[in-house]
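For reference, the structure is listed below as structure tokens.
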Amino acid sequence: MTTFADLGLSQKVLSAVTDAGYTIPTPIQAGAIPFALERRDICGIAQTGTGKTASFVLPMLSLLEKGRARARMPRTLILEPTRELAAQVAENFEKYGKNHRLNVALLIGGVSFEDQDRKLERGADVLICTPGRLLDHFERGKLLMSGVEILVIDEADRMLDMGFIPDIERIAKMIPFTRQTLFFSATMPPEIQKLADRFLQNPERIEVAKPASAAKTVTQRFVASHSKDYEKRAVLRELVRAQTELKNAIIFCNRKKDVADLFRSLERHGFSVGALHGDMDQRSRTMMLQSFRDGNLQLLVASDVAARGLDIPDVSHVFNFDVPIHSEDYVHRIGRTGRAGRSGAAFTLVTKRDTKFVDAIEKLIGEKIEWQSGDLNSLPPAEESKDERPRRNSRERGGRDDRGEKDRGRGRGGRGAAGHKSDNDVQDNGVDVIQAAPVKADIVKNERKAEQKPQNNARNNRPYPANDDSRDRRRHRDHDDGPTPVGFGDDIPAFMLIAGSAKV
DNA sequence: AAAAAAG
């Protein structure tokens, strides 16, 4: 059997790999590393959770042992589609490069330039970047690309799609054509392959699993739901509560606004939940992800910013609140669970509107996905009226209806109140809800920050813009959240929220 | 039809 020692890696790298507890490479690692060490171009395709990152990090470390970086002239460059992924790759360099003295610089947006400038000035052996910030540094003249020997494009299918391709082409043009180029991706559709071939020279193609095949250890189910958001939220809550082995879960939405809405709803229902999407400030993104990794948050509502590559070792469940429009994203999303041979479960809420996306997903993964309890046809008719429960008058609702459109929600999270205090369907769930962590991050959209009135921080720091409390949501509040307790308005003391969610 | 990536 092939071991890491057979692949031609340097002693320093091998000893770090051994210290990390690995002896047997994954197929993508065994396939790619020898060619990478020969300075061949590589097109590596493997499903998520199979060790793609190490298959370029390890050979790069070996190759970098010869030579030294000069100021502002990085020797290698790695491009990543999200900041979190870039940070994760940087951690890999720390881990496997502990016997080296290499300068690794992480160039991502949303954080200050100063540290990054210093590292560039010192001479970076490895530059790990998101495209925008790299170009920003370049335009400021902080960077010379003429010394780059290795270019890695990770999540290549993502990096070569419509939004990213102009940046990638610009960057690739700045780098000498004598470079070595490594492509890694979980999926590689033909039109992307065609683009990729423009960047690669006589690449060695290493494909270790059928592209787009979901990890075998993941149990996949569809769950029929009516289309309205509040109906979907109710279905989701029931689904989450019904899971007996739910350790933690990522819940994907297609839109950032829906991430914010669903987060808010789940939080109000007493779940231990965080949120992650690209309009949150970087500090909050980092904190949310860290809390989820640490187990301080049980649920993470996320956009597709979290769909790819994020390595959270023990995610037990993935829920798709929305069916992903691009079927490849389905594969990426459910790839967050069942990693490294563990078992996992992936549930996808499906409404009538989603049927064609569902078909595309089944076609892509080449199998039929079972319905959890009856398909769309067996769904009971939609609830007729939203007015079965008595509506509260505006004073009980904190007088919100008296506020004009402009005023509404300004500086207010619109979080209503702790609906679960009187809501019988909130905590009778048998789910081991981890206590909501005291994560209070600055999560409001940056551009909205200025217009925030400083209020108490429990409300100011939310993953949604303060003024997105739409009429539509408010209309359905009774369905979603039950009666709002009277008396506090929006000013529920934090300890009460905690007390509410502690009861199981 | 959406997210991500610069500020």
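The figures here come from the full heavy-atom set of this structure, side chains too, leaving out hydrogens, waters and symmetry mates. All of these numbers come straight from a predicted model, not from anything done at the bench. Chain A is the first sequence line, chain B the second, and so forth, proteins listed ahead of strands; every chain is numbered from 1.
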Does OP1 or OP2 of [N] have a side-chain N or O of [X] closer than 4.0 Å?
{"X": "Thr82(A)", "N": "dA5(B)", "value": "no"}
{"X": "Arg140(A)", "N": "dA6(B)", "value": "no"}
{"X": "Arg285(A)", "N": "dA5(B)", "value": "yes"}
{"X": "Lys256(A)", "N": "dA4(B)", "value": "yes"}

Would you kindly check whether a donor in the side chain of Arg158(A) faces an acceptor in the base of dA4(B), or vice versa, at under 3.5 angstrom?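 Pair found.
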Base dA1(B) paired with His326(A) side chain (donor-acceptor, <3.5 Å):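 Such a pair exists between side chain and base.
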Is it the case that more than 12 heavy atoms not belonging to Glu114(A) sit under 6.0 Å from its CD atom?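 Count not over threshold, so no.
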Just the rounded figure in Å: distance from [atom2] of [N] to [atom1] of [X].
{"X": "Glu328(A)", "N": "dA2(B)", "atom1": "CD", "atom2": "P", "answer": "17 Å"}
{"X": "Asp161(A)", "N": "dA4(B)", "atom1": "CG", "atom2": "C1'", "answer": "8 Å"}
{"X": "Leu160(A)", "N": "dA5(B)", "atom1": "CG", "atom2": "P", "answer": "17 Å"}
{"X": "Arg255(A)", "N": "dA3(B)", "atom1": "CZ", "atom2": "C1'", "answer": "11 Å"}
{"X": "Leu143(A)", "N": "dA6(B)", "atom1": "CG", "atom2": "P", "answer": "14 Å"}
{"X": "Glu139(A)", "N": "dG7(B)", "atom1": "CD", "atom2": "C1'", "answer": "11 Å"}
{"X": "Met159(A)", "N": "dA5(B)", "atom1": "CE", "atom2": "P", "answer": "10 Å"}
{"X": "Ile108(A)", "N": "dA6(B)", "atom1": "CD1", "atom2": "P", "answer": "8 Å"}

Taking it one step at a time, do His317(A) and Phe319(A) satisfy ring-ring contact (aromatic ring centres under 6.0 Å, His included)? CA-CA 7 Å; His317(A) 286 63; Phe319(A) 297 98; 5.7 Å; yes
With distance as the sole test, does Glu204(A) use its side chain to make a donor-acceptor pair with the main-chain N or O of Cys43(A) at under 3.5 Å?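 Answer holds: no.
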Do the side chain of Ser291(A) and the main chain of Met287(A) share a donor and acceptor less than 3.5 angstrom apart?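 Confirmed, Ser291(A) side chain pairs with Met287(A) backbone.
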Residue Phe164(A), side-chain atoms from C-beta onward, closest of dA4(B), dG7(B), dA1(B):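 Nearest to the side-chain atoms of Phe164(A), counting from C-beta on, is dA4(B).
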With heavy atoms under 4.0 Å as the rule, sort Gly278(A) into base, sugar-phosphate or nothing.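 Result for Gly278(A) = sugar-phosphate.
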Lys/Arg cation over aromatic Phe271(A): Arg241(A), 6.0 Å, 45° cone: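 No, a cation-pi geometry is absent between Arg241(A) and Phe271(A).
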